[in-house]
**Q** 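One structure coming up, written as structure tokens, with questions to follow.
Only a predicted model underlies this, so the values are computations on that prediction, with no experimental measurement involved.
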2 protein chains.
Amino acid sequence: MESELQVFQDYIRRRDLRRTRERERILQEVFEIHGHFDVDGLYLQLKQKGVKVSKASIYRALPLFIDCGLVREVEFSEGHWHYEHIYGHSHHNHLRCLGCGEIQEFENQFLNCLEEQLAREYGYYIQNHHLQVQGFCPACRQAAGLPAASNFLKKVDNEQ
Amino acid sequence: MESELQVFQDYIRRRDLRRTRERERILQEVFEIHGHFDVDGLYLQLKQKGVKVSKASIYRALPLFIDCGLVREVEFSEGHWHYEHIYGHSHHNHLRCLGCGEIQEFENQFLNCLEEQLAREYGYYIQNHHLQVQGFCPACRQAAGLPAASNFLKKVDNEQ
DNA sequence: GCTACTATAGCAAATGAATCTCATTAAAGA
DNA sequence: TCTTTAATGAGATTCATTTGCTATAGTAGC
């Protein structure tokens with residue numbers, strides 16, 4: 001498989017953009033981060049390593065990484081976007097605790113079938129999906145006195 | 001089924017808050033909107049009808065509506081949140097066209113099973129989920145010269 | 001290498017959604 | 001009605017993100 005750098009360089013060539021140290025250094029850093037990141041964290045991490053890049057450059061580079069499929073927006077929370085690199089990773093979804101904010105990642109092959117089903121049913125060409133499930137992790141669930149199950153059954157009862 | 005107003009009033013009582021004309025007027029307006037809305041649109045719509053409510057009040061009211069299950073955040077796009085009322089509606093998910101921005105709503109009962117599965121597997125108490133599938137609608141797909149299928153198979157081939 | 005062309009970086013200023021401040025208003029219970 | 005205090009409205013503030021401008025540096029042609 002090509003490296004993320006090659007993917008990016010191909011994209012740059014295709015789009016008639018220019019290769020710059022800054023963009024490639026930002027990309028390298030993004031791929032050194034294990035897990036989610038936000039612009040501020042990325043900026044500080046580069047700063048700590050003595051890399052001089054402005055935030056504006058990060059803001060301008062991220063849409064390019066997203067456009068060529070190397071990065072994606074994970075979620076908007078705390079007033080700003082969180083991202084992750086995706087190249088070479090299998091697609092995963094997020095289970096988020098409303099209590100402590102912990103994020104569990106999970107995979108589910110059904111969602112790929114769902115994509116196919118939607119493609120057939122609506123005639124869409126499906127590109128990707130975002131699934132975020134929210135609830136309470138075991139610790140927060142107990143602290144809040146909630147039962148172990150989801151509120152699925154309750155919901156069905158209430159439905160109209 | 002109770003009306004949304006009753007649900008809200010029960011919530012207000014339970015939380016020891018106060019009933020106000022503004023909050024109930026905003027709620028009424030939210031339930032008159034068919035489909036998605038954002039704060040600005042809601043504000044202008046009220047203004048056009050001659051209802052004097054400040055944006056601050058809207059921003060303060062929405063978290064209450066969300067907390068009592070009447071409204072939910074649909075998606076963050078164009079730099080701000082979009083909402084929809086949900087009370088009395090079955091839960092639906094969104095299929096969004098990356099070309100024209102059209103949003104198709106769809107339901108899928110499997111997602112409820114998925115919630116149960118996650119509850120068992122991770123010990124979470126599941127509260128809700130957000131699923132957004134992105135792709136190209138038939139018209140935009142043809143305009144872009146894309147095939148009819150999803151990129152599911154392609155993805156599997158590329159995986160690592 | 002040198003030159004011309006122009007995309008990009010960096011900085012600072014602007015933008016805009018969301019939040020906060022505070023004086024004023026108005027629920028709700030006594 | 002009176003008292004208490006939560007809620008409103010208007011404007012100021014915050015802060016993530018975008019933009020304008022100038023200097024810099026890729027890139028292609030010579």
**Q** Between A:Tyr122 and B:Phe106, what is the ring plane arrangement, given parallel below 30°, perpendicular above 60°, and tilted in between?
**A** tilted

**Q** Taking all atoms of both residues into account, what is the closest heavy-atom pair of A:Gly35 and A:Glu84, and its distance?
**A** O-CB, 4.1 Å

**Q** Name every donor-acceptor pair, under 3.5 Å, that has one atom in a side chain of residues 41-48 of chain A and the other anywhere in the protein, sequence neighbours excluded.
**A**
| residue | atom | partner | partner atom | Å |
| --- | --- | --- | --- | --- |
| A:Gln45 | NE2 | A:Glu29 | OE2 | 2.9 |

**Q** Grab the two heavy atoms, one from B:Pro138 and one from A:Gly123, that are nearest each other, plus how far apart they are.
**A** CG-O, 3.6 Å

**Q** Can you check each nucleotide of nucleotides 25-30 of chain C against protein heavy atoms at under 4.0 Å and return B for base, S for sugar-phosphate only, - for none, in 5' to 3' order?
**A** -BBS--

**Q** Would a 4.5 Å heavy-atom cut-off, applied to side chains only, mark B:Trp81 and B:Asp38 as touching?
**A** no

**Q** Could you pick out which residue, B:Val53 or B:Asp16, lies toward the 5' side of DNA chain D when each is mapped onto its nearest nucleotide?
**A** B:Asp16

**Q** Can a donor-acceptor pair be found between the side chains of B:His36 and B:His94 at a distance below 3.5 Å?
**A** yes

**Q** Is it true that B:Glu32 and B:Lys49 make a salt bridge, defined as a side-chain N closer than 4.0 Å to a carboxylate O?
**A** yes

**Q** Write down the distance between CD (B:Glu24) and P (D:dA6), rounded to a whole number of angstrom.
**A** 19 Å

**Q** Within the 4.0 Å limit for protein heavy atoms, which parts of nucleotides 12-23 of chain D are touched? Write it as a string from 5' to 3', B for base, S for sugar-phosphate only, - for none.
**A** ----SSBBB---

**Q** Nearest whole Å is fine: how far is D:dA7 P from B:Ile58 CD1?
**A** 17 Å

**Q** Tell me: CZ of B:Arg13 to P of D:dA6, nearest whole Å?
**A** 19 Å

**Q** Quickly work out the A:Leu64 CG to C:dA7 C1' distance and round it to whole Å.
**A** 12 Å

**Q** From CZ of A:Arg23 over to P of D:dT24, roughly how many Å is that when rounded to an integer?
**A** 19 Å

**Q** Please assess A:Tyr83 against A:Phe65 for the test side-chain contact (heavy atoms from CB on, under 4.5 Å), listing each intermediate value before the final yes or no.
**A** CA-CA 11 Å; A:Tyr83 307 84; A:Phe65 301 159; over 6 Å; no

